[in-house]
Every structure is written in structure tokens, then in C-alpha cells.
Novice: 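Here's a structure for you.
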Amino acid sequence: MSPAAPLRDRHRAVMPSWLALYYDEPLELTHGEGRHVWDASGKRYLDFFGGILTTMTAHALPEVTKAVSEQAGRILHTSTLYLDRHMVELAERVASLSGIPDARVFFTTSGTEANDAALLLATTYRGSNQILAMRNSYHGRSFSTVGVTGNTSWSPTSLSPLQTLYVHGGVRGRGPYAHLDDRRFIEACAADLEDMLGQAHGTVAALIAEPVQGVGGFTAPPDGLYAAFREVLERHGILWITDEVQTGWGRTGDHLWGWQAHAASGPPDLLTFAKGIGNGMSIGGVVARADVMNCLEANSISTFGGSPVTMAAGLANLTYLIEHDLQGNARRVGGLLLERLRAIGAGLTVVHEVRGRGLMAGVELAGRDGSPSPRAAARTLEHARELGLLIGKGGREGNTLRVAPPMTLTVAEAEEGAAILEEALRRAQQDLAAEETS
């Protein structure tokens with residue numbers, strides 16, 4: 001029996017059936033350091049998923065743990081009804097880095113809540129509940145964010161307070177325009193957006209889009225798509241919300257924000273962030289230009305958003321990230337990792353595509369007939385875990401491996417992780433071949 005089996009059974013007895021656990025024998029992770037974590041049996045793993053892209057810098061980063069400990073020793077909680085120096089300081093830095101002019105920042109406790117707040121702002125500002133969203137997208141688990149999620153495997157209900165129109169373009173390699181070159185792909189998607197707006201019922205509030213679709217399998221459009229979209233949106237007065245929950249803070253390597261790959265459009269009207277900024281602490285937020293942020297006329301506060309402890313952690317983490325040029329490290333080491341993964345994929349029939357930017361790599365798996373293979377992804381996850389590597393998975397069919405290590409990843413660790421993943425993929429390919437002949 002697995003050492004974690006009793007805890008797994010207790011988990012299943014009190015937690016919802018839909019609360020997923022990775023692995024046939026789920027792990028209990030007890031501690032971490034740098035890019036490694038340990039389970040309850042003492043086994044060490046190289047962590048290439050970071051708690052779903054949330055341990056952004058490193059496990060047990062001294063600068064962050066010190067900030068948390070010192071603030072916890074002073075006061076844990078106050079709420080937004082009182083001034084908090086850390087919250088103001090972090091908001092000043094986030095507003096400056098966002099690229100949005102005259103920006104205002106509202107802190108939340110998660111990416112779901114950040115996107116929920118952005119939707120509230122946009123629909124109130126525009127006086128419309130119509131939202132544009134991308135196919136294959138994911139924006140959270142709340143009632144409103146599920147209503148703009150274009151990935152059916154993460155959308156448990158068709159009920160929504162919003163009327164959502166889903167747009168082409170988030171997935172480059174699939175759909176009616178996949179055969180076009182990048183320029184014509186962008187033109188076709190922009191024309192489709194314009195045509196869709198001609199069928200909308202009056203005012204549309206906003207487009208919400210991930211520059212790189214996270215849960216969707218690290219898919220992305222060609223650079224410039226959202227610049228072309230922005231031209232259409234501006235003609236209609238429609239706001240642009242960029243969901244940077246997974247792409248923010250330099251993870252893509254080339255830019256601090258994913259929207260900057262489409263920089264010809266200028267900054268978005270609203271930007272949401274979460275996950276990595278707290279390095280494990282619960283921080284989310286929305287940035288918007290002042291007239292949009294200040295459009296709410298009813299009372300509103302946040303009990304836990306912007307708490308003293310999480311703000312202290314966020315400040316320490318952001319300072320470390322900038323001072324140590326982790327965006328540059330994501331570009332350099334991430335580029336090497338992607339090259340290594342592409343070389344591995346070229347020699348394995350189970351690998352359909354390797355894609356990504358910086359330290360966001362997606363490895364899409366397929367069967368011998370070319371169809372998506374969630375079975376291959378599941379088997380690869382298991383083998384990687386056995387070999388000492390933690391990765392994630394996603395995609396509409398659950399057939400894409402998600403590789404997103406902490407941004408302090410070293411070249412040696414990138415090579416080690418790639419070698420383990422190569423062996424895990426080979427074993428998964430052998431498993432599938434054996435199943436087909438049995």
C-alpha cells in the first residue's frame with residue numbers, strides 16, 4: 001500500500017468527487033527547496049510544474065519566507081478598510097509595470113477572482129453582459145468565469161450570467177484557418193471577429209483572452225493577432241481584458257506580459273494576474289485604467305485581497321524576480337529546454353507537437369493514427385513521477401504535457417528534466433504499442 005493511501009481515502013471521504021488528484025497513487029508533498037520537492041516517503045522530485053505555475057521563483061525562497069515570517073509576527077490581517085503600506089507599494093509597482101496609463105490596481109486572492117472582478121468592471125462600464133472569449137480558453141472556476149471558458153472539459157454548466165461569443169484564433173494548429181500562413185490566419189480571424197460583432201445584440205462589453213492558453217495546453221496564436229483584434233475592438237468601443245494569470249511576470253521570456261507579443265496594439269484596457277506573483281501565497285489582481293476601475297458606484301471592499309502577509313510576500317518575490325532578471329533566465333534556459341524537447345519529440349511517434357515560449361512548454365501527444373491521446377499523457381505523467389519529475393497536463397482532450405518549472409531553473413536542471421521526460425515518453429510510447437498488440 002502506498003504511504004499516502006490512508007490520506008487519499010480520507011480525502012475522498014470528505015472532498016468533492018470532482019476535485020482531481022494527479023497519479024494512480026496521489027502524492028503528499030511535504031516540503032520543497034529551490035526547484036525540488038519531497039513527498040511524505042522522503043522521495044525527491046524535480047518540480048517542472050510549480051504548483052500549477054505558482055511557485056514562480058523557487059521553493060522556500062529565503063527572501064519570500066523571511067518577508068512572510070516577519071509580517072506574520074507583526075499582524076496577519078486587517079482588510080482593505082485600513083491602509084496597508086505593503087499593498088500600496090506593490091500596487092505602485094504593478095501599475096507601473098502593467099503598461100496601462102493612469103492605472104489602478106485591485107488585489108484579490110486568486111486568478112478566478114481577478115477575472116471575475118475584471119468581468120464585473122467591463123460589463124458595468126459598458127452596460128452590457130455580452131463578452132467575447134477565445135475558443136479553448138480557461139479563465140477560472142467561479143460562475144462568471146466558467147461562463148467565459150471555451151474549454152468544455154473545464155465548463156461544468158451551460159448556465160451563465162453572461163452571453164458569451166467564442167472567437168477563433170487561440171489555437172494555431174486547429175480549426176478552419178489552421179492551414180493558412182500566419183498573416184492570412186490573423187486576417188481571417190480578425191474578419192471572423194468583425195462578422196461576429198455584426199450578429200451581436202447591441203453593445204459588447206469586452207474581449208477576454210489569454211496570450212498563451214494555459215489549461216488549454218500552452219497554445220498561442222501568431223504574434224500580432226491581438227493587435228489585429230484590437231483594431232476591430234476599438235472601432236466598436238469594446239474593452240480588451242488580457243488574462244495574464246499564467247503568462248505574467250516574464251515567464252514567456254521575451255516579455256514581462258504576454259500581451260506585449262502583440263504590442264502594436266498598445267496596452268490592454270484591463271489586465272489580470274495571479275499565481276506566480278505570490279510564489280505560493282494567495283495573490284491575484286486586476287489592473288485597469290482609472291475610468292474603468294472607478295466605474296463601480298456601489299460599495300465594495302475585499303476582506304482577504306491585499307492582506308499584509310501576502311502583500312509582503314508579493315513585494316519580496318517581485319523584487320527578487322526583477323533584481324535577478326528571471327525573465328532573462330526564462331528566455332535563455334527556457335529556449336534551451338524547448339530546443340531539447342523538440343529534439344526529443346522529433347524521434348518519438350507519440351509526440352505530435354512541441355510548442356511554447358520561455359519556461360512554458362507544451363508537449364502534445366497523439367496515437368499512431370494522429371488522434372489526441374490522453375492515455376499517452378496519463379502514462380507519461382506516471383512514468384515521469386516514477387523517475388523523479390513532476391509535470392502537468394492540459395489541452396481540451398487532456399493530451400498535452402505542461403512543462404513550467406520555477407523561473408530560477410538552471411541549465412543542468414533543464415537537461416536533467418528533459419532526459420527524464422524523454423525516458424518517460426519512451427516508456428509511454430511502449431505502453432501504447434503493447435496495448436495495441438495485446
Side-chain angles (χ1 to χ4, degrees), residues 115 118-119 122 126 128 130-139 147-152 154-155 162-201 203-244 246-247 252 254-255 257-272 352-353 355-357 360 362 364 394-397 400:
N115 284 331
L119 293 167
R126 291 281 289 158
S128 168
Q130 291 191 90
I131 295 291
L132 300 167
M134 305 303 294
R135 299 182 183 189
N136 197 54
S137 59
Y138 175 82
H139 297 289
V148 295
T149 287
N151 186 324
T152 54
W154 289 88
S155 183
L162 304 167
Q163 181 183 7
T164 305
L165 306 171
Y166 291 101
V167 182
H168 286 295
V171 183
R172 180 63 183 91
R174 187 170 61 203
Y177 309 135
H179 64 287
L180 301 175
D181 62 34
D182 285 354
R183 180 183 63 81
R184 293 174 62 215
F185 179 91
I186 291 172
E187 290 173 351
C189 291
D192 177 72
L193 171 60
E194 187 76 70
D195 180 70
M196 178 174 285
L197 291 173
Q199 302 175 51
H201 297 288
T203 302
V204 173
L207 166 72
I208 184 169
E210 305 156 274
V212 178
Q213 294 182 334
V215 171
F218 291 171
T219 58
D223 289 356
L225 176 78
Y226 293 115
F229 277 11
R230 186 60 182 269
E231 292 180 8
V232 177
L233 299 177
E234 287 186 335
R235 286 199 296 272
H236 295 268
I238 299 170
L239 302 176
W240 173 27
I241 305 168
T242 182
D243 178 344
E244 303 275 356
Q246 297 195 35
T247 50
T252 63
D254 294 330
H255 307 286
W257 306 106
W259 72 261
Q260 291 171 314
H262 310 267
S265 62
D269 300 293
L270 301 96
L271 178 154
T272 61
H352 175 71
E353 182 184 28
R355 53 180 176 259
R357 305 183 84 131
M360 287 183 85
E364 186 173 338
R396 190 174 69 184
E397 292 85 7
T400 300

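One is the number of the first residue; the rest follow in order along the sequence.
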Novice: Say whether, by atom type as modelled, one donor and one acceptor occur between the side chain of Asn151 and the main chain of Tyr138 under 3.5 angstrom.
Specialist: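 Between the backbone of Tyr138 and the side chain of Asn151 there is no qualifying donor-acceptor contact (under 3.5 Å).
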Novice: Side chain of Glu194, backbone of Val232: donor and acceptor closer than 3.5 Å?
Specialist: no
Novice: Is Arg172 reaching over with its side chain to a backbone N or O of Pro222, donor-acceptor style, under 3.5 angstrom?
Specialist: no
Novice: May I ask you to check whether Thr219 and Gln213 show a side-chain donor-acceptor distance below 3.5 Å?
Specialist: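 Yes, Gln213 and Thr219 have a side-chain donor paired with an acceptor closer than 3.5 Å.
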Novice: Indicate yes or no for a side-chain donor-acceptor contact from Asn115 to the backbone of His139 under 3.5 Å, with no hydrogens or angles considered.
Specialist: yes
Novice: Examine distances only and state if a side-chain atom of His168 and a backbone atom of Cys189 form a donor-acceptor pair shorter than 3.5 Å.
Specialist: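 Checked: no pair found.
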Novice: How long is the gap from CZ on Arg230 to CD1 on Ile238, to the nearest 0.5 Å?
Specialist: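 These two atoms lie 11.0 Å from each other.
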Novice: Are Thr242 and Tyr226 close enough that some pair of their side-chain heavy atoms sits under 4.5 Å apart?
Specialist: no
Novice: Check whether any side-chain N or O of Arg355 sits under 3.5 Å from a backbone N or O of Gly217 as a donor-acceptor pair, and report yes or no.
Specialist: yes
Novice: Where the side chain of Ser128 meets the backbone of Thr203, is there a donor-acceptor pair that is under 3.5 Å apart?
Specialist: yes
Novice: With side chains defined as the heavy atoms from C-beta onward, is the minimum distance between Leu239 and Arg126 less than 4.5 Å?
Specialist: yes
Novice: Can you list everything that forms a salt bridge (Lys or Arg N to Asp or Glu O under 4.0 Å) with Arg357? Sequence neighbours excluded, please.
Specialist: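 Counting only residues at least two positions away or on another chain, Arg357 forms a salt bridge (Lys or Arg N to Asp or Glu O under 4.0 Å) with Asp223, Asp254.
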Novice: Glu244 side chain to Gly258 main-chain N or O, any donor-acceptor pair under 3.5 Å?
Specialist: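 Present.
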